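Input: a single structure, listed below in structure tokens.
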Amino acid sequence: MKKLTPILVLFLAFTQLALSQTRAVKVLDTNWKFQKGDFEEAINVNFNDSKWESVTVPHDWAIYGPFDKNVDIQKVAIVQNGEKVATEKTGRTGALPHIGTAWYRNTFTLPAASKGKKIMLLFEGAMSEPQVYLNGKKVGEWAYGYSYFYFDVSQFVEAGANTLSVKLTNKEFASRWYPGAGLYRKVSVIIKNNQSIDQWGQFVTTPFISAAVAKVNIKTKASGENTRLVTTIFDAEGHQLNSEESTTPFGKEFDQNIKVENPKLWSPETPYLYKAVSQLYVGNELKDEISTRFGIREIKYEANKGFSLNGKITKFKGVCLHHDLGPLGAAVNKSALRRQMKILKDMGCNAIRSSHNMPSFEQLELADEMGFLFLAESFDEWAKPKVENGYHLFFEDYAEKDIVNLVQATRNHPSIVMWSAGNEVPDQWGEAGVKRAKWLQEIFHREDPTRPVTVGMDQVKATMESGFGALLDVPGLNYRVHLYEEAFSKFPQGFILGSETASTVSSRGIYKFPVVQEKMKQYPDFQSSSYDLEACSWSNVPDEDFVLQDDKPWVIGEFVWTGFDYLGEPTPYDESWPSRSSYFGINDLAGLPKDRYYLYRSRWNTDKPTLHILPHWNWEGLEGEVTPVFVYTSYNSAELFINGKSMGVQKKNKSTPQNRYRLMWMDVKYEPGTVKVVAFDDNGKAVAEEEVKTAGKPYQIVLDADRKTITANGEDISFVTVSVVDKNGIPCPTATNQLKFKVTGAGTYRAACNGDATSLEMFHKETMKLFSGKLVVLVKSTTAAGDVKLEVSGAGLKSGKLTLTATK
Ligand code: GAL
């Protein structure tokens with residue numbers, strides 16, 4: 001076997017390029033200049049941008065606000081929501097100033113050794129309609145803000161300094177949620193030889209798997225004459241396994257089959273990853289080298305059985321996620337994503353749907369590593385509009401290119417187990433839409449024959465009639481629990497996916513009385529009740545989905561709308577200002593769990609028990625009033641005590657969906673003190689207990705960091721939960737104190753968020769009010785190692801102090 005030369009290549013400084021024969025990838029993260037407005041002259045190399053703002057990329061120009069109800073104010077009837085009359089929607093796209101044109105400029109230096117090489121510019125997302133110029137010349141453009149795309153800029157580059165200018169334009173009425181603005185994902189320059197592996201040119205699949213051996217098929221497209229390809233597989237510990245050398249490309253493609261003995265299978269529980277290193281030679285000269293991470297796993301979708309992973313029937317316990325990261329806006333950040341996914345893991349969630357667009361590479365890398373099944377979506381519109389300036393403007397010209405890039409760039413991620421060609425597209429109506437569905441699905445199949453395609457359908461009746469639903473690999477129903485049976489009998493596939501479910505609304509820590517099920521319920525404070533009984537006219541509470549998931553083997557799982565709150569779409573307060581972010585999240589915009597988190601956890605997390613009481617117990621003035629107590633628990637029965645007095649035993653039962661999944665004491669009368677729940681196992685033995693106590697006055701600020709050690713890379717973030725407790729250390733659940741934040745040492749203050757959908761305080765300012773007694777502060781590393789100190793203070797409160805460590 002040939003000895004591999006070490007991978008010299010990734011993230012080399014450009015000056016080192018001369019030392020490497022192969023490729024260099026340079027992420028353009030620093031040294032950017034940014035200016036909002038129209039500056040066509042900014043394409044010129046000599047343009048003076050010294051007065052422009054210095055920024056780092058990923059960057060979201062709109063997240064710094066201010067919130068303004070007039071930004072992208074949409075006077076529309078939201079047809080999908082059943083509206084017939086146009087009304088003014090204020091916070092629909094987040095009320096953040098993302099509309100308009102802006103420019104980014106970056107001057108980077110290429111070493112002399114790059115002369116005659118192939119130079120590519122890769123954008124992992126640019127919001128939106130990017131126009132890209134290099135050294136005063138236009139090198140290309142794209143349209144969809146969520147797409148990954150690249151240009152071969154070899155003919156435009158110069159040895160030495162190169163000036164990149166990017167123009168971005170966000171139109172109004174182009175989105176149904178906050179899209180973000182700017183170069184919100186990574187930009188990189190790739191320098192490689194002309195004889196090299198094509199961009200996204202490798203496809204690794206595992207077409208045969210047994211306990212003894214797996215066949216790893218590696219198709220690799222490469223350019224250049226007389227090339228040969230050596231591919232070697234490594235296990236997760238870096239041990240070299242098997243290798244194959246091929247001298248014959250068919251067309252441009254090498255086709256290699258390499259065996260892996262005793263393969264370790266990838267799954268959410270055991271996310272084991274292998275690596276294929278491919279080296280392209282001409283003669284004995286190494287011309288290119290790439291490394292692709294992959295997993296060995298088998299997926300199947302079968303009538304009446306559903307989805308199986310490695311031979312085991314697996315239901316999707318999934319959430320939909322929009323791409324924004326709350327206080328960070330759309331600017332991608334790996335530690336923010338990792339935190340979200342840790343929270344989801346603990347909830348027992350095993351799947352993510354990137355609604356309604358392409359996921360970031362970072363999110364997919366984490367899904368591979370942490371173990372999430374991934375439903376990668378593409379579009380919210382096809383040729384028919386939902387919003388005036390939506391994707392329908394680009395559909396004809398770009399749909400195929402966008403899908404090709406999505407699939408080619410991400411198909412080696414074992415986490416991806418399904419593609420989605422669209423969400424609730426109005427093309428569900430009419431013959432043209434059926435043809436479009438087939439066309440798009442076939443593009444996915446052509447690019448990736450190993451995964452099925454779905455579309456999230458809300459017009460279920462129409463798609464039964466037209467054949468639209470029947471032609472999809474996976475029929476996805478958005479909501480409409482009442483149509484599952486009919487869809488199952490009419491559609492031929494033999495299973496149904498809850499591609500979007502629930503859309504229950506709630507505000508963390510806010511409870512409304514009387515406690516009743518409601519649709520589109522509004523309150524004067526623009527909050528929704530956390531008793532988890534409120535939904536939209538088209539949607540439902542979680543328990544109704546659970547019934548279908550548990551009782552119908554042909555329902556293959558669900559993707560709850562949504563895992564986390566997001567900016568924009570403040571239903572049921574679409575017309576109410578100030579309301580600028582969603583209420584749908586299982587977790588709030590700050591990433592703090594709402595009560596609903598524990599409801600899902602009680603059913604989804606089968607490893608660890610759940611026992612959670614709601615509401616809080618600070619109801620001064622409501623003494624003697626009926627204050628129902630709910631318990632979300634994995635145990636089947638429990639007894640409730642108020643100040644030591646039993647309120648009786650409740651047992652889960654099938655009388656209603658709620659009674660099946662929640663324990664509810666509806667007649668409890670409020671008196672201050674202690675609420676205690678004792679849970680029983682199935683033999684009636686008391687096995688766990690939990691308490692909630694009435695808090696006194698706010699006394700002290702308490703800080704709790706998700707990670708105390710962060711990496712000194714200028715990107716890593718520690719998320720510090722800030723709460724206020726009384727003299728006895730009991731959390732004050734209604735505290736709204738205005739707090740101030742100060743970060744010193746080897747870190748910076750980045751943002752704060754309290755999860756209040758009606759707050760107009762800007763995330764990056766060093767002050768914010770608590771919401772329901774809590775908020776989260778984001779402390780970011782610099783590139784220096786050392787201690788990072790956070791101090792949080794508030795009038796009349798003992799300050800909270802915390803020291804983090806930033807390490808190299
Ligand atoms: C769905 C839609 C989502 C979101 C959700 C709110 O119909 O696909 O994008 O709007 O409703 O309930």
Side-chain angles (χ1 to χ4, degrees), residues 74 76-83 89 91-94 146 173-180 318-324 352-359 375-382 384-387 390-392 420-429 454-463 475-483 497-507 518-522 528 532 534-542 544-545 558-575 579-586 589 596 757:
Q74 301 190 9
V76 287
I78 305 178
V79 183
Q80 306 92 260
N81 296 2
E83 294 179 7
K89 308 287 185 313
R92 195 178 191 198
T93 52
Y146 297 103
F173 319 137
S175 186
R176 301 191 297 113
W177 57 85
Y178 176 67
V319 296
C320 302
L321 292 180
H322 267 316
H323 68 308
D324 81 64
I352 292 171
R353 169 186 183 223
S354 63
S355 43
H356 303 296
N357 35 256
M358 294 73 181
L375 168 45
E377 194 153 83
S378 44
F379 308 124
D380 193 49
E381 277 183 22
W382 294 347
K384 288 189 183 178
K386 281 183 186 173
V387 283
Y391 188 72
H392 67 100
S420 165
N423 173 62
E424 298 187 355
V425 290
D427 312 57
Q428 286 166 105
W429 283 292
T454 192
V455 170
M457 298 181 288
D458 62 333
Q459 300 308 319
V460 181
K461 291 271 189 192
T463 60
L477 261 61
N478 284 10
Y479 312 100
R480 290 156 185 88
V481 286
H482 59 288
L483 292 176
L497 169 69
S499 40
E500 200 172 305
T501 62
S503 268
T504 301
V505 287
S506 65
S507 306
E518 298 270 8
K519 294 266 162 121
M520 301 306 270
K521 179 69 182 171
Q522 300 193 22
S528 295
D532 299 322
E534 295 173 8
C536 307
S537 53
W538 59 90
S539 67
N540 52 269
V541 294
E544 291 178 44
D545 297 313
E558 65 168 321
F559 287 88
V560 178
W561 191 264
T562 46
F564 290 83
D565 275 329
Y566 51 95
L567 292 161
E569 206 179 41
T571 316
Y573 298 105
D574 296 311
E575 292 137 29
S579 183
R580 47 61 171 170
S581 54
S582 80
Y583 300 79
F584 294 117
I586 293 172
L589 196 72
R596 238 182 312 147

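Note that ligands are numbered from 1 as they come in the structure, with each ligand's atoms numbered from 1 the same way. In this text the structure is predicted, and so the values were computed from the model without any measurement.
The aromatic rings of Trp561 and Phe584 sit perpendicular, their planes meeting at an angle over 60°, well past the 30° parallel limit.
At a 4.0 Å cut-off, not a single heavy atom of Gln80 sits close enough to ligand 1 to count as contact. At least one heavy atom of Trp538 sits less than 4.0 Å from an atom of ligand 1.
When heavy-atom distances to ligand 1 are checked against a 4.0 Å cut-off, Asn423 comes that close only through its side chain, counted from C-beta outward. Of the heavy atoms in Trp177, none comes closer than 4.0 Å to ligand 1.
The side-chain heavy atoms of Leu375 and Leu497, taken from C-beta on, include a pair separated by under 4.5 Å.
Within ligand 1, counting atoms from 1 as listed, the ones closer than 4.0 Å to a heavy atom of Glu569 are 4 (C), 6 (C), 10 (O). Residue-ligand proximity, His356 to ligand 1, at heavy-atom distances under 4.0 Å covers atoms 3 (C), 8 (O), 9 (O). Heavy-atom contacts of Trp561 reach the following atoms of ligand 1: 3 (C), 4 (C), 5 (C), 6 (C), 9 (O) (cutoff under 4.0 Å).
Aromatic ring centres of His323 and Tyr566: separated by at least 6.0 Å. Residues Trp538 and His482 keep their aromatic ring centres 6.0 Å or farther apart. Note: Tyr583 and Tyr573 meet the aromatic proximity criterion, with ring centroids under 6.0 Å apart.
Shortest contact from atom 12 (O) of ligand 1 to any protein heavy atom: Ser503 OG, 2.6 Å. In this structure, atom 5 (C) of ligand 1 lies nearest to the protein heavy atom Glu500 OE2, 3.4 Å.
At a 3.5 angstrom cut-off on N or O pairs, His322 does not count as close to ligand 1.
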Salt bridge (charged side-chain N to carboxylate O under 4.0 Å, His left out) between Lys89 and Glu569, intermediate numbers included: CA-CA 9 Å; Lys89 308 287 185 313; Glu569 206 179 41; over 6 Å; no
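Counting only N and O atoms by type, the side chains of Arg596 and Ser506 include a donor and acceptor under 3.5 Å apart.
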